[in-house]
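First the structure, in the form of structure tokens, and then the observations on it.
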There are 2 protein chains.
Amino acid sequence: MTAADAEPTTVRDPVKLTPLPVPKSSDVLADDLRERILRGDFREGTALPPERELVAQTRMSRTTVREALRILEVQGLVRIKTGRAGGAFVQRPDEKSMANSVSLLIRGRQIRLAALLETREAVEPACARLAAKYRTDADLASLDAANRELARLATDPGTDSLADFLRANVDWHIAVATASHNELLTGFMIALSRAIYTSTDNREFVDADVRAATVRAHRSITRAIQDRDGDAAVRRMARHMHSYAEAVVKIEERMAIEVPAD
Amino acid sequence: MTAADAEPTTVRDPVKLTPLPVPKSSDVLADDLRERILRGDFREGTALPPERELVAQTRMSRTTVREALRILEVQGLVRIKTGRAGGAFVQRPDEKSMANSVSLLIRGRQIRLAALLETREAVEPACARLAAKYRTDADLASLDAANRELARLATDPGTDSLADFLRANVDWHIAVATASHNELLTGFMIALSRAIYTSTDNREFVDADVRAATVRAHRSITRAIQDRDGDAAVRRMARHMHSYAEAVVKIEERMAIEVPAD
DNA sequence: CTGGTCCATTGGTCGTACCTAATCTACATC
DNA sequence: GATGTAGATTAGGTACGACCAATGGACCAG
């Protein structure tokens, strides 16, 4: 202090520091492991070291190690099994993990059904084009099976067949997405279809006419995909999506009139 | 046993049981909180009770409570702040959280650039149509600004302008997505654009010609969006995407020849 | 071959203690 | 009164240590 006191005016704080980030240890570990996994350092199915082993290696506490593993688990990069020969097994993220986060966005933002239909109208025709281009015979078989199931549920007026019909409907759409052999679009469509399904579940506008029309449309789109006619697939899918969306909107307006001024 | 023993042949295993789930407590808590958040029980920004308070309420250990909160944090449903007046604050998931998981899928599956371009070619024209329909004046201003910046970087042969050019390119595409006012498509395009950006960074095929063509295409698409001409926007965007993808593929083939037999 | 017992391994949960970060409060200083 | 500063207060972050629970394997009995 003696030398410093000689200075008449002491400058308060000449050095500027932006609030430098103090990362949490668990995040650091998670980031490190994530990077290695994505870089491909481990083959799929490889077991990461046991938690206690990681504790020894990283000199972190088990709490911290476990939080890091939990993060990776939520992100779909690792699957954790209990018991002997258990542990954290490396997994590559799949469409489901992506579909999940899309679903979260949809629910969390309370995205309206109209917006969902609009999105599907935007994406699925393109999906159909790719399906026409890349479909295999197995894809075609799935589509046909979905069509048959749908037709059965459309004609058979069984008890509470609405939910079944809608489920089968979703299956067909997912089959189209799968046939596109594009994992991104597939994941997106899975989330979208599921969300539309749960939004539609409570409405009764899917009457016999709509069902019949749906079956016809699906058949004709399937044929285009079978014939590898991309342009036709796009056109028909676009028509199908558009008329479906229009029907929904019409019903919504009617319901808004019947149940006024909320 | 006596009555059963009368039976001469005992059927081996007539009852089928699926492995019944034994949920982890942290998951149970996370599921419960997630459900409440998504249902809208808390307004955005609301603070969940402090960890120790949750411990008292749920009678779980703090470890468990913390893991549950960590799960929600990773899913983007909650933001955790330290210090006094800190805690877990409810957040609605945004496009970024979705974009993140899409990025994980892309990296984790090592999806090839060709597939990314194919996906963009499928989605972005539809994006452009919606942008033409819903764009506001503010959106238009963003697009114009992005165009100007891009033009500047295309003509000015500054040092290492490639990265800058690509970044500005991404900005424009994101501006288009934003103008569509569709959160799902926006999140999807953000992830896609970022991934394409990082995949393109190392290539030198973005020469002066490609840059000039890009600027021209963007201008004409912007004009269509400005005029609310959806069909033109789709057409031009599709052309743009297609020619870009073609250029990339051509370069890839050339590089494959130059660097043969890996 | 079937079933049972025991053991070793590994994740799951708990409790406690302490550290660190952010904020609030009260008081001192000018 | 405005302002700065020190300490108290409240939160999350980390560390251990102990024990529970699930799983798989080895071994043994029938």
Side-chain angles (χ1 to χ4, degrees), chain A residues 9-13 17-33 45-74 77-91, chain B residues 1 4-5 9-15 17-33 42 45-74 77-91:
Chain A
T9 61
T10 331
V11 182
R12 194 62 187 94
D13 204 3
L17 288 187
T18 57
L20 40 118
V22 183
K24 285 186 290 186
S25 358
S26 50
D27 282 334
V28 173
L29 178 54
D31 290 347
D32 183 62
L33 289 174
T46 312
L48 261 42
E51 295 179 355
R52 291 164 176 91
E53 176 63 26
L54 283 176
V55 168
Q57 292 179 11
T58 63
R59 297 179 191 177
M60 293 170 177
S61 78
R62 203 170 151 215
T63 319
T64 304
V65 169
R66 281 179 58 77
E67 284 205 352
L69 292 176
R70 194 42 77 82
I71 291 172
L72 298 180
E73 190 190 25
V74 175
L77 291 168
V78 116
R79 200 181 127 231
I80 294 176
K81 286 198 295 193
T82 66
R84 185 169 182 167
F89 295 85
V90 172
Q91 238 188 184
Chain B
M1 286 292 273
D5 284 354
T9 62
T10 332
V11 182
R12 192 66 186 90
D13 202 4
V15 185
L17 286 189
T18 56
L20 37 120
V22 183
K24 286 187 288 187
S25 8
S26 51
D27 283 334
V28 173
L29 178 55
D31 289 347
D32 183 61
L33 289 174
F42 316 108
T46 311
L48 261 41
E51 294 178 356
R52 290 162 174 92
E53 177 64 24
L54 284 175
V55 168
Q57 291 179 12
T58 63
R59 296 178 193 178
M60 294 169 175
S61 77
R62 207 174 146 211
T63 318
T64 305
V65 168
R66 282 178 57 78
E67 285 206 351
L69 291 176
R70 195 39 78 78
I71 291 172
L72 298 181
E73 190 190 25
V74 175
L77 291 168
V78 115
R79 201 183 127 229
I80 295 177
K81 285 197 295 194
T82 66
R84 187 171 178 170
F89 295 86
V90 172
Q91 241 187 181

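Just so we're on the same page: letters track the sequence lines, and every chain starts at 1.
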Do the side-chain N or O atoms of [X] get closer than 4.0 angstrom to the phosphate oxygens (OP1, OP2) of [N]?
X: B:Thr82; N: C:dT20; answer: no
X: B:Ser26; N: C:dT13; answer: yes
X: B:Ser61; N: C:dG15; answer: no
X: B:Arg62; N: C:dC14; answer: no
X: B:Arg66; N: D:dG13; answer: yes

Could you give the [atom1]-to-[atom2] distance, from [X] to [N], as a whole number of Å?
X: A:Glu51; N: D:dA18; atom1: CD; atom2: P; value: 18 Å
X: B:Lys24; N: D:dA21; atom1: NZ; atom2: C1'; value: 13 Å
X: A:Arg70; N: C:dT13; atom1: CZ; atom2: C1'; value: 11 Å
X: B:Leu54; N: D:dG13; atom1: CG; atom2: P; value: 13 Å
X: A:Leu29; N: D:dA15; atom1: CG; atom2: P; value: 11 Å
X: B:Glu67; N: D:dG13; atom1: CD; atom2: C1'; value: 14 Å
X: B:Leu48; N: D:dA11; atom1: CG; atom2: C1'; value: 14 Å
X: B:Lys81; N: D:dA11; atom1: NZ; atom2: C1'; value: 12 Å

Would you classify B:Thr64 as touching base, sugar-phosphate or nothing, given that sugar-phosphate means primed atoms plus P, OP1 and OP2, and contacts are heavy atoms under 4.0 Å?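 The residue B:Thr64 makes sugar-phosphate contact but no base contact.
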
For A:Leu69, answer base if it contacts any base atom (sugar-phosphate contacts may also be present), sugar-phosphate if it contacts only those atoms, and nothing otherwise; contact means non-hydrogen atoms under 4.0 Å.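 Since no nucleic acid heavy atom lies under 4.0 Å of A:Leu69, the category is nothing.
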
Nearest heavy-atom pair of B:Leu72 and B:Ala30: which atoms, and what distance?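 So the minimum-distance heavy-atom pair works out to CD2-O, 3.7 Å.
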
Heavy-atom pair with the smallest gap, counting every atom of B:Gly45 and B:Phe89: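 Of all heavy-atom pairs spanning B:Gly45 and B:Phe89, the closest is O-CD2, 3.3 Å.
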
Of the options C:dC14, C:dT13, D:dT14, whose atoms approach the side-chain atoms of B:Met60 most closely?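 The answer is C:dC14.
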
Whichever of B:Pro50 and A:Arg52 has its nearest DNA chain D nucleotide further upstream toward 5':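 Per heavy-atom nearest nucleotide, the more 5' residue is B:Pro50.
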
To the closest 0.5 Å, what do you measure between OG1 (B:Thr64) and CG (B:Leu54)?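 It comes to 11.5 Å.
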
Using the closest heavy atom to pick a nucleotide of DNA chain C for each, name whichever of B:Val65 or A:Arg84 lands nearer the 5' end.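 By nearest-heavy-atom nucleotide position, the 5'-most residue is A:Arg84.
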
Between B:Gly86 and A:Pro49, which residue's closest nucleotide on DNA chain C lies nearer the 5′ terminus?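 Its nucleotide being nearer the 5' end, the pick is A:Pro49.
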
Test log, rule salt bridge (Lys or Arg N to Asp or Glu O under 4.0 Å), inputs B:Glu67 and B:Arg70: CA-CA 5 Å; B:Glu67 285 206 351; B:Arg70 195 39 78 78; over 6 Å; no

Using the side chain to side chain donor-acceptor pair (under 3.5 Å) criterion, which residues pair with B:Arg79? Sequence neighbours excluded.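 Partners of B:Arg79 under the side chain to side chain donor-acceptor pair (under 3.5 Å) test: none.
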
